[in-house]
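Each remark here refers to the structure printed beneath this line.
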Amino acid sequence: MPSYVDLYYTPTEEDLICEFYVEPEKISIKECSKHIAAESSTGTWTEVKTMKKRIEKISAKVFSIDKKKRIIKVAYPLELFEQANIPQILSSIAGNIFGMKIVRNLRLLDVSIPKKMLRGFKGPEVGLEDIRKITKIKERPIIGTIFKPKVGLTPKEMADLAYKIYSAGVDYTKDDENLGSMRFNKFEERVIKMLDVIDRIRREQGRNVIYAANITAPAETMLKRAEFVKKHGGKCIMIDIITSGWSSLQYIVECMIGSKMIIHAHRAGHASFTRNTKHGISMLVVAKFARLAGVSALHTGTVVGKMEASEQEVVKINNFLRSNINGIKKVMPIASGGLHPGLVPNVIKILGKDLIINFGGGLWGHPMGAEAGAIAIKQAIEAAMKGIPIKEYAKEKKELREALKRWM
Ligand code: CAP
Ligand code: MG
């Protein structure tokens, strides 16, 4: 039987390294680690007669155990994995192990992916820098919004509103995560109407604004919708990557290669396994695989908004998305959830300027209406970029003043 634990083992350049937080149930952390390495690579709960020397060699090895912090590190030889197959990789390192009785809690904190494995992935065709080029917005954050109410507006209502808010300064609009193709809002009709608005803005104002059409559906339908967007000259599709799954994401990305399509990744549902700090999978790990899979932009949290996440974690994820890795393009982080103009200075202070900042309620809930909401956001961004305190800037700007009065 492979040892699965070798504290003298030095990982090779080709090993994939996983860092886990482990709380064992009634056994030692060393014993528990052994089962984690076994179940996530070649083994099972007992020795098997079919084990062979060569299989022992490709088994995962726990090479570090920090009893105090309850953190272990496991090295997985590359031979355990198929090239660029995210479901297969995650079925190993983030599969059965979370459900074993011998773990009370187990969390995959981080994964360090060897160069050879990275080479199998293409990453985004359209990355952070391409989004900047397409929109021609170089310095400031990109201003985004999500139509609200989440679901219920008709395509015509959306398009009429879109024209107004794009004209008032919004650069990027998106469907909400739960908007599909409904009786009152058919996907195809929505896309045609929204893309007409985009053309009109280009003609009248010379701006390349973006609309992220939510194509989330079973994979076959998703592909049809992505093709529809492409055929009608759309530049961006949105996928709920957690509910659609890694396989669907990889499939759509592959089918879209050559189309220069922005892939906007929404992460609805991620918190069911990322939020508990003792159990599940960290958002950092999700972000790493999302980048490899080829998303162009990814929701990563706001720190100051309505969704839970620590500053340290969100900053780490954003830094990862913007870091240089093996020629794989950078991904644009998206700060969204509970944001309004008053929070803009803090978002930029914490996360920087290289991101999309999305405002749903914080635009559509403006006391003077949606256009005023868009103007207030633009003013808040201006203030932050000029380094002027927002309350100071608001003295001369009615829309911003009203927004601060409403939400601060
Ligand atoms: C934001 C949002 C996004 C959240 C998801 C919403 O709207 O559209 O889905 O940002 O969280 O419906 O809540 P509001 P995250 O601006 O009205 O809150 O980005 O953290 O994945
Ligand atoms: Mg939403």
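Order of listing sets the numbers, starting from 1, for every ligand and every atom in it. Keep in mind that the numbers below use all heavy atoms, side chains included, and drop hydrogens, waters and symmetry copies.
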(request) Report yes or no: does Asn208 contribute a side-chain atom to a donor-acceptor pair with the main-chain N or O of Ile134 at less than 3.5 Å? (result)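 The answer is yes, because a donor-acceptor pair under 3.5 Å joins these two groups.
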
(request) Spell out, as yes or no, whether a donor-acceptor pair under 3.5 Å connects the side chain of Arg401 to the backbone of Tyr393. (result)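 Flag not set: sc Arg401 to bb Tyr393 has no pair under 3.5 Å.
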
(request) Could you label the plane-to-plane angle of the His279 and Phe98 rings as parallel, tilted or perpendicular, counting under 30° as parallel and over 60° as perpendicular? (result)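 Perpendicular: the ring planes of His279 and Phe98 meet at over 60°.
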
(message) Using a cut-off of 2.8 Å, how many protein N, O or S atoms sit around the Mg ion (ligand 2)?
(response)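 That number is 2, waters not included.
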
(request) Establish, from distance only, whether the side-chain atoms of Tyr4 and Thr42 form a donor-acceptor pair under 3.5 Å. (result)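 Side chains of Tyr4 and Thr42: pair found under 3.5 Å.
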
(message) Quiz question: by atom type and distance under 3.5 Å, do the side chains of Gln88 and Asn85 form a donor-acceptor pair?
(response)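 Their side chains do not contain a donor-acceptor pair, so the 3.5 Å distance test is not met.
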
(message) Can you list every protein residue that has a heavy atom under 4.0 Å from any atom of ligand 1, sorted by chain and residue number?
(response)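 Answer by chain and number: Ile146, Lys148, Lys150, Lys174, Asp176, Glu177, His266, Arg267, His299, Lys306, Met307, Ser336, Gly337, Gly338, Phe359, Gly360, Gly361.
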
(request) Could you check Asn214, Leu153, Asn185 and say which one makes a side-chain contact (heavy atoms from CB on, under 4.5 Å) with Asp175? (result)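 Result: among Asn214, Leu153, Asn185, Asn214 is the only option passing the side-chain contact (heavy atoms from CB on, under 4.5 Å) with Asp175.
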
(message) Among Val304, Val344, Asn358, exactly one meets side-chain contact (heavy atoms from CB on, under 4.5 Å) together with Leu339. Which residue is that?
(response)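 By the side-chain contact (heavy atoms from CB on, under 4.5 Å) criterion, Leu339 pairs with just one of Val304, Val344, Asn358: Val304.
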
(request) First locate atom OH of Tyr76, then atom CD1 of Ile58, and finally report the distance between them rounded to the nearest 0.5 Å. (result)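 CD1 of Ile58 is found 13.0 Å from OH of Tyr76.
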
(request) Would you indicate whether the side-chain heavy atoms of Met408 and His340 approach each other to under 4.5 Å? (result)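 With C-beta onward as the side chain, the pair touches.
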
